[in-house]
2 protein chains.
Amino acid sequence: MNEFTSLTHLVKRIADSTVRRLSAYLRFLEDFENRGLSTISSEELAKRGGTTSAQVRKDLSFFGSFGKRGLGYSVPELAGRLREILGLGREWRVFIVGAGKIGAALAQYRGFRQRGFTILAAYDNSSDKIGKKLDGVAVRDIEHLERDIQREKPDIVVLTVPGDQAQKVVDRVVKAGVRAILSFAPTQLHAPADVAVKTVNMAMELEGLSFALTNRD
Amino acid sequence: MNEFTSLTHLVKRIADSTVRRLSAYLRFLEDFENRGLSTISSEELAKRGGTTSAQVRKDLSFFGSFGKRGLGYSVPELAGRLREILGLGREWRVFIVGAGKIGAALAQYRGFRQRGFTILAAYDNSSDKIGKKLDGVAVRDIEHLERDIQREKPDIVVLTVPGDQAQKVVDRVVKAGVRAILSFAPTQLHAPADVAVKTVNMAMELEGLSFALTNRD
DNA sequence: AGTTGTGAAGGTCTTCACAGCG
DNA sequence: CGCTGTGAAGACCTTCACAACT
């Protein structure tokens, strides 16, 4: 694989864990960029990311050869490559469905905008919330969800509705054409294979800690 | 391995993915319990959890033999076993550090109490917030964090401070004796090996979706 | 000399497939 | 007969170790 390899037909399926690490590397590189440093070795990236230098080089090798032997990686170049690989060179349009506390917390989250994720609108079924604003984001009637998806073509739907309504909303937005969902509902969601679904499940994380605390040697 | 196997000296290290699935199985079993169903097969559990029946049986087999051949699993019995395995048979004491929007969303999250996680207090460094309540949870001065950890012995600290303060807080609470942390900061945290750290990183999840949307066939 | 890029080895997790038991 | 429990096989991911290059 060389530097001209197109990202649009990857030879190998890329592991989720690899993508998560690339995301982490990018964050460190941006730190380095801000501090004006110009090169970095796989060893330094590894130390920050809690992994090994071999892992860093392997992760990057799936996408090309970005380093210089004996020197390391150019910080701005590698950051640029990672942004390109992760698809961060464009705007991603986001709808938030569910204007409760978590929806509100996300609406004001600066990380979205910083990375090119634009929140177009939020949706709710409560008349108390419809028509109001959530940190500058308009809350609309969930009745109009399908219509608005067709009109405004969001790329990603962030789901912050109660668990018992989550699957219903997934079915609706998938039918309307959405192909990526980030859910905060504590339920297993089912969607067609061509829809990317990520779930952040607080209950599961807490139980993971409970397990870890319980099963110590 | 038989039903008397002690959970306190597991033969094998249990994979994180296994623990996450156990957590999911428990949720389905509670659903089944509420509907009054008495037995369930590995196949049914698998369908709900988006996995395979072999995976379900393998996951459970690390902890014992809970099923009846030809029949399946007793719903209440298996639910009880999973609660025991996950360490949910007791109260877990939680401090929230960071009383911003995410901290507030967590303070009101019902899932905590339902599973035996009791939020004792929240901490912040802003005088606007100290002394106020966050959905019934008192907000205290972060100055008193170490003193209060020693007094009230929380099992888990939930971290919802800005990224640039997260590592500092980790160092403080670890030094004060905390052995489990759930962080919402978008940074890599470093802690000793005997401290369980889970990180929920929104930025990473979004970038995972961006990658998935970008690298389709 | 120093660091990358990568086949090969090693380790972990998932799936298979069937013996064993109810 | 049906479904579990589990070794063995297979797939996947990480680590090793070194040739290749600057």
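It should be emphasised that the depicted structure is a prediction, and the values quoted were computed from it without experimental measurement. Below, read A as the first sequence line, B as the second, and so on, with proteins coming before strands; counting in each chain starts at 1.
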Asker: Could you say whether Gly70(B) or Arg21(B) is positioned toward the 5' end of DNA chain C, judged by the nucleotide with the nearest heavy atom to each?
Answerer: Arg21(B)
Asker: Heavy atoms under 4.0 Å, any strand shown: does Ser42(A) hit a base, just sugar-phosphate, or nothing?
Answerer: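 If one applies the 4.0 Å heavy-atom cut-off, Ser42(A) turns out to touch the sugar-phosphate alone, with no base involved.
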Asker: Can you tell which of dT4(D), dC13(C), dG2(C) lies closest to the side chain of Arg69(B)?
Answerer: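 Of dT4(D), dC13(C), dG2(C), dT4(D) is nearest to the side chain of Arg69(B).
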Asker: Return the 5'-most residue of the pair Gly67(B), Leu71(A) with respect to DNA chain D, ranking by each residue's nearest nucleotide.
Answerer: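 Result of the comparison: Gly67(B).
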Asker: For Arg57(B) and dC13(C), what is the distance between atoms CZ and C1' respectively, to the nearest whole Å?
Answerer: 16 Å
Asker: Within this structure, what is the CG-CG distance for the pair Leu120(A) and Asp148(A), rounded to the nearest 0.5 Å?
Answerer: 9.5 Å
Asker: Return whichever of Ile40(B) or Ser17(A) has its heavy-atom-nearest nucleotide of DNA chain D closer to the 5' end.
Answerer: Ile40(B)
Asker: Using the salt bridge (Lys or Arg N to Asp or Glu O under 4.0 Å) rule, pick out the option among Arg20(A), Arg27(A), Arg83(A) that qualifies with Glu207(B).
Answerer: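 That would be Arg27(A); it is the only one of Arg20(A), Arg27(A), Arg83(A) passing the salt bridge (Lys or Arg N to Asp or Glu O under 4.0 Å) with Glu207(B).
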Asker: In whole angstrom, what separates Lys68(B)'s NZ from dG5(D)'s P?
Answerer: 10 Å
Asker: Figure out the CD/C1' separation between Gln55(B) and dC12(D), and round it to whole Å.
Answerer: 13 Å
Asker: Consider the side chain of Ala54(A), meaning its heavy atoms from C-beta on, and name the nucleotide among dG5(C), dA17(C), dC16(D) that approaches it most closely.
Answerer: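 Closest nucleotide among those given: dC16(D).
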Asker: Flag this pair as yes if the NZ/CZ of Arg115(B) is under 6.0 angstrom from the six-membered ring centre of Phe117(B) and inside a 45 degree cone about the axis; otherwise no.
Answerer: no
Asker: So does Tyr73(B) get a side-chain nitrogen or oxygen closer than 4.0 Å to the phosphate oxygens (OP1/OP2) of dG5(D)?
Answerer: yes
Asker: Please lay out, stage by stage, how Leu106(B) and Thr160(B) fare under the test side-chain contact (heavy atoms from CB on, under 4.5 Å).
Answerer: CA-CA 9 Å; Leu106(B) 293 173; Thr160(B) 59; 3.6 Å; yes
Asker: It should be established whether Ser41(A) places a side-chain nitrogen or oxygen under 4.0 Å from OP1 or OP2 of nucleotide dT3(C).
Answerer: no
Asker: Tell me if the side-chain of Lys58(B) makes a donor-acceptor pair with the base of dG7(D), cut-off 3.5 Å, by modelled atom types.
Answerer: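 Checked by distance alone, the answer is yes.
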